[in-house]
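The structure under discussion is supplied below as structure tokens; questions concerning it will follow.
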Amino acid sequence: MEIKIYNTLSRKKEPFKTLEPGKVSMYVCGPTVYDKAHVGHAMSALVFDIVRRYLEYRGFEVKHVTNYTDVDDKIIQRAMVEGVDSMEIAQRYIDEFDQHLKDLNILPASEYPRATEKMPQIIEGVADLVDKGFAYPKEGDVYYRVNKFPGYGKLSGRKIDDMEAGFRIDVDQRKEHPMDFALWKGAKPGEPSWPSPWGNGRPGWHIECSVMSHACLGEQIDIHGGGNDLIFPHHENEIAQSEAMFGKQFATYWMHNGMMQLSGAKMSKSVGNLVTIDSFLEKHEAAALRMMILNSSYRSPLTFNEETIEHAQKALKRLRSALRPALPKDGWGSAAKLEDQSVKAKESFLAAMDDDFNTANAMGHLFDFVKTINQARDEGADQESLAKAQALLNELVGVLGLDLSVPEVQGGEAEAFIDLLIEIRKKFREEKLWELSDLVRDKLEELNVSLEDTAQGTTWHWK
RNA sequence: GGCGACGUAGCCAAGUGGUAAGGCAGAGGUCUGCAAAACCUUUAGCAUGGGUUCGAUUCCCAUCGUCGCCUCCA
């Protein structure tokens, strides 16, 4: 079987071939840390976590680098508003984001470079582009000369001539061409800055990714990822920079995730329609967010609302239903059938994931497998056969980064009392005092505790 | 205005040139004291209009609609 990846560069699915056999270098654009991260940022991190986990499952050694943009206009602005150093702002939100990554069960990247830590390399990169004629200094700034790079527009499908720069904003008169973009910005008074051959200043947004990618992964990489809002201009400019610097193709595969939508529009700070990761996790388990993403294509927009969250939680519950233990029954004679279906489940799962990480399809196969397992249990499967299938389910779901163990919703204190109530209800039921036993069940339900009577007794779980 | 993506059942969402996975919700049933859970059965002709084809939901064109980008953005 062969993995296929949808490449934004060609707008097609292409067979996955790495630069080096068995190894994958992957660079994913991380957030600009000027404010609290929202679930859209989490989506991007989750999507590429799934990609990374799957590639590793398929035997690749993945070097995964994701950056933090820790110097830019918005960070500086925020710092001025709060009257603190811009590095303090950046550090605050980096720390927060790190914690989010842990909470969301996202595997740590191999490296988390920051722009401010790579300043000498960035300056070197800008100087290199100036030397090669791809950039020109102008009054303390340095601009990339877009017309000098023949491939400009190949990622986003644009032509320089077609683009009416200035259509929405005024063109900076210092640029030779309206599409030229800043590699280096001269510092205004009071702004954080670094010395450079062009005076004190700071890097433009795009150059840091080219430089950090090079510093961490080399001149060429296998996969470059990010949100599809970055295709233009950010990734287009990265290509222009990196390929001008090294004279070879930058990334083989460009992968872009779709945008998280809230109230019919892309979730964003400027529109104000966002849900922070913090507020999501206050109300929901982390796995629910991952489940939302798994249920659809990573490339499509994803609607975020109460309904889709609930849907994801029900889907999780459904997966978990397969993990219940065997029933005390006889007459089980289909162990071979269960094993056979386990093999098929895994094959289908892999085939779906090989096809551009088609998680929605893969989930479909896992739900089929859930049904298979539940059927086997109902038919009286023994614990050993069942456990084997369940282990496979956990394994496959683990490839997607899902943990099906039920999170501790509340402290253990309540549990003893719930057990006590169940014990009392058991007496009622033995006495056939149905009204009383139902009262206990209903009242507990109101307190978000669901009871289920089974042949082995009554079990309960948080709703 | 330019570029790009998308439009599949009540909802979410895969997929295919030869008559459509899965999940949720709904209906009926098994089980249960009753429920719940699980299991069984059941619910679509794929935006619209053309074209290519023996045959299209799947390919091409147009139209309409939604979204993204063209300014910072995951």
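All chains are named by letter (A, B, ...) in the order of the sequence lines, taking the proteins before the strands, and each is independently numbered beginning at 1. Here the structure is a predicted model, which is why all the values come from computation and not from measurement.
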With a non-hydrogen cut-off below 4.0 angstrom, is R425(A) in contact with a base, only sugar-phosphate, or nothing? base
Assess whether a salt bridge exists between E310(A) and K314(A), defined as any Lys/Arg side-chain N lying under 4.0 Å from an Asp/Glu carboxylate O. yes
With heavy atoms under 4.0 Å as the rule, sort R377(A) into base, sugar-phosphate or nothing.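 R377(A): no heavy atom of the nucleic acid under 4.0 Å.
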Base paired to rC72(B) (Watson-Crick or G-U; both N/O distances under 3.5 angstrom):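 Partner of rC72(B): none found under 3.5 Å.
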When you compare rC39(B) with rG22(B), how far apart are their P atoms, in angstrom units rounded to a whole number?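 Nearest-Å result for rC39(B) against rG22(B) at atom P: 13 Å.
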Upstream residue (5' side of RNA chain B) when T303(A) and T372(A) are each assigned their closest nucleotide: T303(A)
Any ion pair linking R53(A) and D49(A) (charged N to carboxylate O, less than 4.0 Å)? yes
Rounded interatomic separation in angstrom, taking CG from L274(A) and C1' from rA74(B):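 Roughly 13 Å, once rounded to whole Å.
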Have a look at N228(A) and say if it touches a base, only the backbone sugar-phosphate, or nothing, with a 4.0 Å heavy-atom cut-off. sugar-phosphate
Under 6.0 Å between ring centres, would you say that holds for Y34(A) and Y93(A)? no
For rG49(B) and rU8(B), measure between their P atoms and round to the nearest Å.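 It comes out at 16 Å once rounded to the nearest Å.
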So what does L451(A) touch, heavy atoms closer than 4.0 Å: a base, only the sugar-phosphate, or nothing?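 Base contact - L451(A) has a heavy atom under 4.0 Å of at least one base atom.
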Give one of base, sugar-phosphate or nothing for Q261(A), where a contact means two heavy atoms less than 4.0 Å apart.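 If one applies the 4.0 Å heavy-atom cut-off, Q261(A) turns out to touch the sugar-phosphate alone, with no base involved.
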Counting the atoms with a prime plus P, OP1 and OP2 as sugar-phosphate, which does S296(A) contact under 4.0 Å by heavy atoms, base, sugar-phosphate, or nothing? sugar-phosphate
With a distance cut-off below 6.0 Å to the six-membered ring centre and an angular limit of 45° from the axis, does R299(A) pair with Y6(A) as a cation-pi contact?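 Relative to the ring axis of Y6(A), which defines the angle, R299(A) lies inside both limits.
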Under the 3.5 angstrom rule, does the side chain of Q390(A) hit a backbone N or O of R324(A) as a donor-acceptor pair? yes
NA contact type, D453(A), heavy-atom cut-off 4.0 Å: base, sugar-phosphate, or nothing? base
Report which part of the nucleic acid G153(A) touches: base, sugar-phosphate, or nothing (heavy-atom distance under 4.0 Å, all strands). nothing
Polar side-chain atom of K63(A) near backbone of C216(A) as donor-acceptor pair, under 3.5 Å: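 Answer holds: yes.
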Taking CG from L327(A) and P from rC39(B), how many angstroms apart are they, rounded to a whole number?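 From L327(A) CG to rC39(B) P: 12 Å.
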Would you classify S297(A) as touching base, sugar-phosphate or nothing, given that sugar-phosphate means primed atoms plus P, OP1 and OP2, and contacts are heavy atoms under 4.0 Å? sugar-phosphate
Could you check whether any side-chain N or O of T359(A) sits under 3.5 Å from a backbone N or O of A362(A), counting only pairs where one atom can act as donor and the other as acceptor?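 Such a contact is absent between T359(A) side chain and A362(A) backbone.
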Sticking with atom P, work out how far rG45(B) lies from rU57(B), rounded to a whole angstrom.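 Pairwise P distance, rG45(B) against rU57(B), rounds to 12 Å.
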Categorize N374(A) for me: base, sugar-phosphate, or nothing, with a 4.0 angstrom heavy-atom threshold over every strand shown.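 Here N374(A) touches the backbone only, sparing every base.
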Please confirm whether H206(A) and H235(A) have ring centers closer than 6.0 angstrom. no
Please tabulate, one pair per line, each protein N/O and nucleotide N/O from nucleotides 3-9 of chain B that are separated by under 3.5 Å, including the distance.
residue, atom, partner, partner atom, Å
rC3(B), O2', S156(A), O, 2.9
rC3(B), O2', G157(A), O, 3.2
rG4(B), O2', R11(A), NH1, 2.9

Contact state string [nucleotides 19-24 of chain B, B base, S sugar-phosphate only, - no protein heavy atom under 4.0 Å]: --BSBS
Base, sugar-phosphate alone, or nothing: which one does T32(A) contact when heavy atoms must sit under 4.0 Å apart?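 Counting heavy atoms under 4.0 Å across all strands, the contact made by T32(A) is with sugar-phosphate only.
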Are the side chain of D180(A) and the backbone N or O of Y143(A) linked by a donor-acceptor pair below 3.5 Å?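 Side chain of D180(A) to backbone of Y143(A), a donor-acceptor pair under 3.5 Å: no, none is there.
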Distance check, C1' atoms only: rG51(B) and rU42(B), in whole angstrom units.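 Rounded to whole Å, the distance is 38 Å.
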Using a 4.0 Å heavy-atom cut-off across all strands, classify G225(A) as base, sugar-phosphate, or nothing. nothing
Is T8(A) reaching over with its side chain to a backbone N or O of W254(A), donor-acceptor style, under 3.5 angstrom?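 Between the backbone of W254(A) and the side chain of T8(A) there is a qualifying donor-acceptor contact (under 3.5 Å).
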Rounded to the nearest Å, what distance is computed from the CG atom of residue L104(A) to the C1' atom of nucleotide rA74(B)? 13 Å
When all nucleic acid strands are considered with a 4.0 Å heavy-atom cut-off, which category describes E307(A): base, sugar-phosphate, or nothing? sugar-phosphate
Closest-nucleotide mapping onto RNA chain B: is V370(A) or I231(A) further toward the 5' terminus? I mean the 5' end.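 Result: V370(A).
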Strictly below 4.0 Å, N to O, side chains only: are E306(A) and K283(A) in salt-bridge contact?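 Looking at E306(A) and K283(A), the cut-off is not met.
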In whole Å, measure the gap between the C1' atoms of rC11(B) and rU30(B) for me. 28 Å
